Structure formats: C-alpha cells, structure tokens
Amino acid sequence: MKNAVIAEMFDRMADVLELKGEISFKVNAYRRASRAIQNLEEDIETIWNEERLHQIPGIGTGLAKKIDEYLRTDHMSKYDEIVQSVPPELVDLLHIQNLGPKTLAVAYQKLHVENLEDLKKVLENGSLAQLPNMGEKKIENIRKGIALREKGRERISLGIALPLVERLIHELRKIPHVGRIYPAGSVRRMCETVGDIDILVEAEESERVIDTFGSFSEITRMISRGKTKSSVLIEGDLQVDLRVIPRDSFGAALQYFTGSKAHNVRLRRIAKKQGCQINEYGIFRGEKKIGGAKEEDIYEALGMQWIPPELREDRGEIDLAMESRLPDLVELYDINGDFHVHTRWSDGSASIEKMAEKAAALGYHFIGICDHSQSAGYANGLTPERILEQIREIERLNTQNNDICILAGTEVDILADGRLDYSDDLLARLNIVIAAVHSGFKKRVTERMIAAARNPHVTILAHPTGRLLFQREGYIVDLEQVIRACVDTGTALEINCNEERLDLNDRHIRFAKEQGAKLAIGTDAHHPHQMDYLRLGLGMARRGCCEKKDVLNCLSVNTLRSH
DNA sequence: GCCGTTTTCGGCCCGACTGTTTTCAGTCG
C-alpha cells in the first residue's frame with residue numbers, strides 16, 4: 001500500500017513550495033491532495049489500476065499524472081526536482097513553532113541557514129536579529145520553539161488528553177456567569193492523538209474567564225493572552241488554547257474550532273455557493289446573520305443534518321448529511337457492557353467482584369472477565385486448572401448477585417505456531433474467548449489470526465494490528481484478509497481502548513464495518529477506573545461510522561449468550 | 001494545482017494575536 005508514501009511526498013512538496021514563496025493556493029492544493037490520499041480507505045494502487053484517480057477530490061490532471069508516474073516507475077520526477085531544490089534539512093525547520101516559511105526563506109537566502117545547527121548559530125551571533133521585522137521577542141520565540149521541538153513529543157494520546165481536558169473544564173465551571181464549556185478541535189473529534197487542546201467557554205464577560213484561567217496552577221508558561229483568547233503550556237508542554245465566546249455566536253465558534261480544517265473548508269465552499277458566509281461568529285446571508293448561537297444553526301442553514309464531531313474529517317460525511325443519510329452513530333447509553341477486563345487472577349489489580357461492581361456502577365448489564373492464558377507467564381497467565389477454578393468462582397458470584405451478569409472468558413494467546421493456548425474443550429466452557437497475538441509479531445501473523453478467527457469458540461480477535469502509539473508499528477499482518485475471515489466466521493474484531501493501543505483505529509473500523517464485520521469494544525482494564533476508558537473505544541467506533549447494530553457491546557445479555 | 005448548472009479563467013476561508021511597526025507582516029489555528 002503506497003498511500004502513505006505518496007501522501008508524504010505531496011506534503012513534503014507543499015513544504016518546499018511554501019518555503020520557495022509559491023502562491024498559497026498551489027501549496028494548499030498539494031496539502032489537500034496529501035490529506036485526501038491519507039484518508040483513502042482503498043489502496044491507491046487499486047484506484048489507479050481502475051483509472052479512478054480523478055475521482056479523488058483534490059486530484060486533478062497534474063497530480064494524477066505525478067501519481068501515475070510514481071506507480072509506474074517508482075519515481076516522481078517533479079518530487080525530485082522540487083525537493084532537491086533546497087537543502088533537505090531546511091524543510092524540517094518549518095516545524096519549529098514561531099518560525100514560518102517567510103522568515104525561514106529569508107534566513108536561507110540571506111544567511112545561508114540550511115539546518116538546525118546553522119539556525120542556532122545565527123540566533124547566537126545576532127545576524128538573524130538584523131533581518132527586517134526581527135526584534136528581540138521574535139528571536140526569543142524562535143528560541144522557545146527550538147527548545148520545545150528538541151524536547152520531542154509533538155502529540156499525545158487521546159487517552160492522556162481527555163482526562164486533562166475534563167479536569168480543566170471542571171475548574172472553569174466554577175467561574176460565575178459561565179455557560180456552555182466544550183473542548184473543540186481534535187479532542188472533540190476524538191482523534192486518536194492530540195497535538196493541542198482547545199477549550200471554548202461561553203461567557204459575556206471574557207476577561208474574568210481569561211484571568212482565572214491564567215491563574216491555574218497547571219500552567220507552566222503563558223504563550224499569549226488577549227481579550228478573548230489565551231494560549232498556555234501546561235504540564236508536559238501541552239498547549240492549551242482557551243477562547244471565550246458570547247452566547248449568540250457560541251455555536252458558530254464551536255463549529256469553527258472543532259474542525260477538521262478539511263471539513264470546514266468544504267463547508268465554507270458550500271456556504272459560498274449558496275450565497276452564505278460562515279465564520280466563527282455565525283452564518284451570514286449578505287449582511288444578515290441567520291444563525292450562530294447553536295452549532296446546529298450552521299448545518300441547518302446549509303440544508304444538511306447536524307454532523308457528529310467524530311465524522312468531521314471530509315471523508316464523505318458532508319454529502320451524506322446533505323442527503324440526510326448520516327449513520328445513526330452508537331451512543332454511550334447503547335453500551336450494555338465491557339468485554340475485556342483483567343483481574344488479580346492474572347495481572348489485574350482488583351478482584352472479580354470489584355470489577356463487576358464498577359461495571360454495575362457504569363450501568364452495564366454484563367462484564368467479560370478475560371484474564372491471560374497460561375503461556376503469558378509475564379502476566380501471571382492462568383493454567384487450565386486455575387481457569388476452571390475461576391469459572392466456578394464466577395458461577396458462584398453470579399448466583400449471589402443479580403445486578404450484573406459476569407461472563408467467564410479468557411484472553412487466550414495465539415501461539416507462535418498458530419495454536420491457541422487452551423484446548424478446544426476448555427474454550428468451549430467459556431462464555432467469551434478473546435484471541436490475541438502477544439508474541440511472534442513477524443511470524444505468519446495473518447495466517448495465525450485467520451486460524452483463530454476460524455476456531456468456533458473464538459468470539460473476538462483482540463487488538464488486531466498490535467500497534468502501540470508512538471512506540472510500535474504493529475504486526476506484519478494483512479488486515480483485510482483477517483477482516484474478511486472474521487466476516488465469514490462471525491468473529492468480532494476488538495476495539496481495544498487502552499490509551500496506547502486504540503486498536504483497531506478509525507479507518508480500519510470503518511473498513512471492517514463496510515465489509516460487514518462486527519466490532520467489540522474492550523477496555524483491557526487492569527484496574528476498575530480504567531473501565532472509564534470505554535469512551536475512547538466508543539469514540540473510535542463513532543469515527544468508524546459504527547451504529548448500534550455493528551457493536552456487540554449493545555446486545556442484551558440474552559442475545560449475547562445466543563450469539 | 002484544483003475546480004466549475006453563475007465561471008474553462010479567475011477564484012481559492014479568514015480572524016486573533018504578536019511584534020515590529022506607525023499601518024502591517026508573519027504565524028497560527
């Protein structure tokens with residue numbers, strides 16, 4: 001699959017063109033094409049083979065020709081020409097905060113800055129400060145940008161960001177005369193990783209909110225502070241942008257700052273065609289404001305359904321909304337249980353009872369106890385004798401407690417030789433079997449996972465790609481084949497909610513759903529509080545267009561038992 | 001470089017904030 005490579009090439013070309021002062025529209029055309037290719041669910045080579053490149057929005061004659069050349073010859077002459085026209089390391093400097101293409105271009109032309117080393121030198125010797133429009137503060141800001149970049153970590157997992165956002169919102173709520181408070185941006189869209197946090201606060205008196213926010217103890221540095229907007233860094237150098245918005249334009253601002261950028265650009269074009277204009281203050285027909293207090297105003301005025309934030313990526317949701325055909329996304333209240341939790345029996349930190357209590361507190365009807373199997377020595381995996389004992393214990397608890405149905409299960413290892421870690425006889429005695437690859441990541445993984453899916457006792461395939469965010473690419477596996485096997489056998493694919501996993505991700509989920517597969521959300525909780533992370537998996541499911549019928553967690557206990 | 005039932009040429013989203021200016025350029029989102 002060459003989608004990522006080609007998307008990356010176009011993005012790189014955009015960077016260089018921007019640096020060379022090319023008109024912004026051309027730069028944007030490359031960026032838009034890059035995003036469109038990244039968002040493809042199909043292999044671009046398939047699309048190319050079927051001569052459908054021009055159907056990709058943002059790909060016209062010119063870019064299609066470049067893609068064609070690359071797929072035919074493994075080479076793109078325009079890419080070489082553009083990228084080789086500037087020193088390779090120069091382009092990377094564009095990702096330094098407060099240093100944009102204009103400044104960098106001048107530094108390159110006048111001071112021959114070609115890499116980070118050079119940049120630091122001209123900062124030190126004062127020659128950068130001699131350039132026009134350069135003052136002490138700009139120099140200082142570029143220094144800070146470099147420091148931030150050298151510390152690394154550009155994005156964090158949604159699982160880290162979300163609790164942080166909730167804490168900030170909790171504090172902001174205490175300010176008097178404050179109305180709606182929402183996270184915006186990638187957090188509201190439930191993107192798997194988050195670059196910064198946007199929070200919108202509804203209030204007429206903005207200064208009090210800005211002042212109070214500025215006094216929060218979490219803040220490590222104030223970046224900017226205006227009348228309606230404040231940017232700060234909080235613990236771990238995460239940027240938080242706070243905006244204070246009056247009531248009558250709050251909806252428009254929420255729409256605007258939720259993004260995504262691609263979604264908004266598309267929406268604006270449609271508005272323009274209809275003789276309207278959208279900005280962060282509202283939607284206007286001529287001089288007349290026709291909406292803006294509620295987010296729904298914007299979509300309604302354009303004659304479309306309100307679009308859930310998780311879908312706002314310009315992946316076809318706008319067309320669906322225009323035709324009133326948006327999926328009815330699965331909601332938190334549809335969820336009847338969690339399939340994948342661990343207890344003290346293996347490597348969890350709580351008893352079965354404690355996990356069940358937490359599930360009941362969440363309003364669930366069932367919980368799947370799925371401790372590790374015998375080969376998982378590192379995780380205190382259960383021998384056949386111990387899991388039989390655990391089944392008896394669960395039966396005993398179920399007779400005592402009617403609040404919640406505890407399902408006896410296992411997270412059984414798919415061994416390197418393709419067998420499962422328990423006998424079929426033993427697996428047959430369990431309510432749920434989650435099969436998981438924990439070793440042999442490069443050994444015939446596709447084959448092993450398909451074999452597991454074909455085992456009649458296996459209910460769910462755990463974390464199907466094995467990726468760990470920021471750490472590990474995942475198994476060498478042909479996921480499309482695995483998904484098709486799951487469709488054939490009625491095996492569900494897991495959406496693992498662990499903050500580092502989020503596996504399957506949104507695109508895979510959408511593909512699986514379209515193929516007719518079922519999804520099962522599991523928190524993989526090793527402690528009761530981690531069961532709260534179900535909403536991460538739910539976010540992924542929603543981003544993947546899942547409806548109630550696609551998600552096993554929405555089944556009642558009885559239907560689930562027969563399933 | 002893309003796009004089009006108002007256009008095959010002439011548009012392409014736009015405002016806040018900062019910093020360096022003295023009316024605006026650059027950066028960001």
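Sequence lines set the chain letters: A, B, ... in the order given, protein chains first and strands last, and positions in each chain run from 1. As the structure is a computational prediction, the values presented were derived from the model and not from experiment.
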| said: Tell me whether A:Asp68 contacts the main-chain N or O of A:Ala64 through its side chain, where contact means a donor paired with an acceptor under 3.5 Å. | reply: no
| task | For A:Asp297 and A:Gly292, indicate whether the former's side chain and the latter's backbone hold a donor-acceptor pair under 3.5 Å. | result | yes
Can you tell me if the side-chain N/O atoms of [X] get under 4.0 Å from OP1 or OP2 in [N]?
X	N	value
A:Thr103	B:dT27	yes
A:Tyr281	B:dA16	yes
A:Ser24	B:dG1	no
A:Asn141	B:dG19	yes
A:Gln239	B:dC28	no

Taking atom [atom1] in both [N] and [M], what distance in whole Å separates the two?
N	M	atom1	value
B:dG1	B:dT6	P	28 Å
B:dC24	B:dC13	P	23 Å
B:dT7	B:dC12	C1'	13 Å
B:dT21	B:dT27	P	15 Å
B:dC9	B:dC14	C1'	24 Å
B:dG15	B:dT20	P	25 Å
B:dG11	B:dC17	C1'	28 Å
B:dC28	B:dT23	P	26 Å

Categorize [X] for me: base, sugar-phosphate, or nothing, with a 4.0 angstrom heavy-atom threshold over every strand shown.
X	answer
A:Arg243	nothing
A:Pro132	nothing
A:Asn264	nothing
A:Thr61	sugar-phosphate
A:Ile59	sugar-phosphate
A:Lys65	nothing
A:Lys272	sugar-phosphate

If you check the [X] side chain, which of [options] turns out closest?
X	options	result
A:Tyr30	B:dC13, B:dC28, B:dG1	B:dG1
A:Lys138	B:dT20, B:dT27, B:dC12	B:dT20
A:Asn133	B:dA25, B:dG29, B:dT27	B:dA25
A:Glu280	B:dG26, B:dG15, B:dG29	B:dG15
A:Lys26	B:dG1, B:dG26, B:dC14	B:dG1

Find the distance [X]:[atom1] to [N]:[atom2] and express it as a whole number of Å.
X	N	atom1	atom2	answer
A:Asp241	B:dT18	CG	P	12 Å
A:Ile56	B:dG1	CD1	P	17 Å
A:Asp15	B:dG1	CG	C1'	16 Å
A:Glu140	B:dT18	CD	P	16 Å
A:Lys261	B:dC13	NZ	C1'	9 Å
A:Arg35	B:dC13	CZ	C1'	12 Å
A:His95	B:dC28	NE2	P	10 Å
A:Lys137	B:dG19	NZ	P	5 Å

| Side-chain donor/acceptor of A:Tyr256 to base of B:dG29, under 3.5 Å | yes
Between [X] and [Y] (salt bridge meaning N to carboxylate O under 4.0 Å), is one present in this structure?
X	Y	value
A:Arg52	A:Glu42	yes
A:Arg535	A:Glu310	no
A:Glu331	A:Lys548	no

| Mind telling me whether B:dT7 is syn or anti, cutoff 90° either side of 0? | syn
| request: Taking the side chain as every heavy atom from C-beta outward, state whether A:Arg189 and A:Glu313 have any atom pair closer than 4.5 Å. | output: yes
| field | Student check: side-chain heavy atoms of A:Ile44 and A:Leu53 closer than 4.5 Å | value | yes
| Where each residue is assigned the nucleotide of DNA chain B containing its nearest heavy atom, which of A:Pro101 and A:Ile23 is assigned the position nearer the 5′ end? | A:Ile23
| Of A:Leu63 and A:Gly226, whose closest DNA chain B nucleotide lies nearer the 5' terminus? | A:Leu63
| said: Both distances below 3.5 Å, Watson-Crick or wobble geometry, any strand: find the nucleotide opposite B:dC17. | reply: B:dG26
| request: Please say which of A:Asp196, A:Asp198, A:Asp241 ends up in a side chain to side chain donor-acceptor pair (under 3.5 Å) with A:Ser231. | output: A:Asp241
